[in-house]
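Everything below concerns the one structure shown next.
The model shown is predicted, which means the values in this text are computed figures rather than measured ones. In what follows, chains carry the letters A, B, and so on, assigned in the order in which the sequence lines appear, proteins first and then strands, with residues in each chain numbered from 1.
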There are 2 protein chains.
Amino acid sequence: MKQNPLAATLRQSGYKATHARLAILAYFKKHPRPLSARQIVEGIGTEVDQATVYRTIRSLKGKNIIRQVDLRHNHAHYEFASLGEHHHLVCTRCGKVEDVHRCNMETMRREVLAESKHFADISQHSLEFYGTCKACAQKESSRSREETRIR
Amino acid sequence: MKQNPLAATLRQSGYKATHARLAILAYFKKHPRPLSARQIVEGIGTEVDQATVYRTIRSLKGKNIIRQVDLRHNHAHYEFASLGEHHHLVCTRCGKVEDVHRCNMETMRREVLAESKHFADISQHSLEFYGTCKACAQKESSRSREETRIR
DNA sequence: AATTATTTGCAAATAATTCGCATTAAGAAT
DNA sequence: ATTCTTAATGCGAATTATTTGCAAATAATT
């Protein structure tokens, strides 16, 4: 009964290994990028209700099994935490997301805590970069070239 | 007519210096911390409609007059961009926000762009730290002491 | 003062997230 | 294996967050 590693993860955190939670975690595992609640609900299909998806996300977030990511899309995204620390580069035109590794934030985190007046600990951080992907930059420049030609 | 510097800022960016926009910018200036759309609507009172607040935020964001901040509160926050680059330390219990200065991200930003396969430029970034403020840590520890005593 | 293109307010729509409650099912106990 | 207990789920409705359409208002221009 304990052969499923996702179930083991859940039980170790004090949760029942329910069908819904296993389906959600499996979905995260299969899609290793920032996912919105809607994407998960639709991706999993009818087997899990959206209220359950939101509730599950919330509790798993509390145990650091998944983590929240902000892409500035007016809704939250979430990622499987076991992907390890990494950050994101987000295209503000088309929404493309590229992972960013090797930003070591450990030192900075320590320094920030040491300099803080009011905080006792720092458990997480988010670091995302926003810009323009090459494809969008290309479109943009060809569009403005056209405008120039017309005038 | 050009004596108001906020009006000048708006006109320089190609906007009309309307009552609504001036009120919104003045509110940002007077409250230099991350503000939600709701806080702005309620803070300004009846003089500006919420649709206008959202529309104004969106367009000013596009011109980097205000910038978006994510505190993981399920709604966006915004800050006057002229506050200069800084980041935030957010308490995950009570929501307290402390500003964080002197994280110089310029080098990191350049490196990230240099290592990126698909991006042409990076125009912004967000960096927030999440943890527990001293007040909440205090409450937490006294609460768990009580629990221990009771058992 | 008249003109024109923006911008706004209002009301209604849509998107995102949460809640209440009766029912179900996971894991523990028997 | 069956029963028990409580956490967890589904469903529907409620809230919260954000956007939109359109007629009326207004800033900047002439």
Quick check on DNA chain C: between B:Q50 and A:A76, whose nearest nucleotide comes earlier from the 5' end?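 This one resolves to B:Q50.
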Using atom [atom1] of [X] as one end and atom [atom2] of [N] as the other, report the distance to the nearest whole Å.
X     : N      : atom1 : atom2 : answer
B:L10 : C:dT6  : CG    : P     : 16 Å
A:I24 : D:dG10 : CD1   : C1'   : 13 Å
A:H19 : C:dG27 : NE2   : C1'   : 18 Å
A:L60 : D:dA7  : CG    : P     : 17 Å

Minimum heavy-atom distance between B:K117 and A:K134, given as atom pair plus value: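 Distance-wise, the nearest heavy atoms are O-NZ, 2.8 Å.
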For the pair B:H73 and B:H75, name the ring-plane relationship: parallel under 30°, tilted 30 to 60°, perpendicular over 60°.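 Rings of B:H73 and B:H75: perpendicular, over 60°.
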Report which part of the nucleic acid A:N74 touches: base, sugar-phosphate, or nothing (heavy-atom distance under 4.0 Å, all strands).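 The residue A:N74 makes sugar-phosphate contact but no base contact.
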Could you check whether A:A51 gets within reach of a base, just the sugar-phosphate, or nothing at all, counting any heavy atom under 4.0 Å?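 Answer is base: heavy atoms of A:A51 come under 4.0 Å of a base.
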Euclidean distance, A:I122 CD1 relative to B:F129 CZ, rounded to 0.5 Å: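 That separation rounds to 6.0 Å.
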CZ-CD distance between A:R58 and A:Q68, expressed to the nearest 0.5 angstrom: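 Those atoms lie 11.5 Å apart.
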Strand partner of C:dA5, provided both Watson-Crick or wobble distances fall under 3.5 Å: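 Pair assignment: C:dA5 / D:dT26.
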If only side-chain N and O atoms of A:Y54 are considered, is one of them under 4.0 Å from the OP1 or OP2 phosphate oxygen of C:dT17?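 A:Y54 to C:dT17 OP1/OP2: side-chain N or O found under 4.0 Å.
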Of the listed nucleotides [options], the one nearest the side chain of [X]:
X     : options                : result
A:D49 : D:dC11, C:dG9, C:dT18  : D:dC11
A:T18 : C:dC10, C:dA16, C:dA26 : C:dA26
A:R11 : C:dG9, C:dG27, D:dT20  : C:dG27
B:T52 : D:dT18, D:dT20, C:dG9  : C:dG9
B:R55 : D:dA8, C:dT8, D:dC11   : C:dT8
A:R21 : C:dT17, D:dA8, D:dT18  : D:dA8
B:K16 : C:dT7, D:dT18, D:dT9   : C:dT7

Distance alone, cut at 3.5 Å: any donor-acceptor contact between the side chains of A:H87 and A:E128?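 Not at all, the side chains of A:H87 and A:E128 share no donor-acceptor pair under 3.5 Å.
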Name the residue closer to the 5' end of DNA chain D, choosing between A:A20 and B:H73 according to the nucleotide with the nearest heavy atom.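 Nearest nucleotide further toward 5': that of A:A20.
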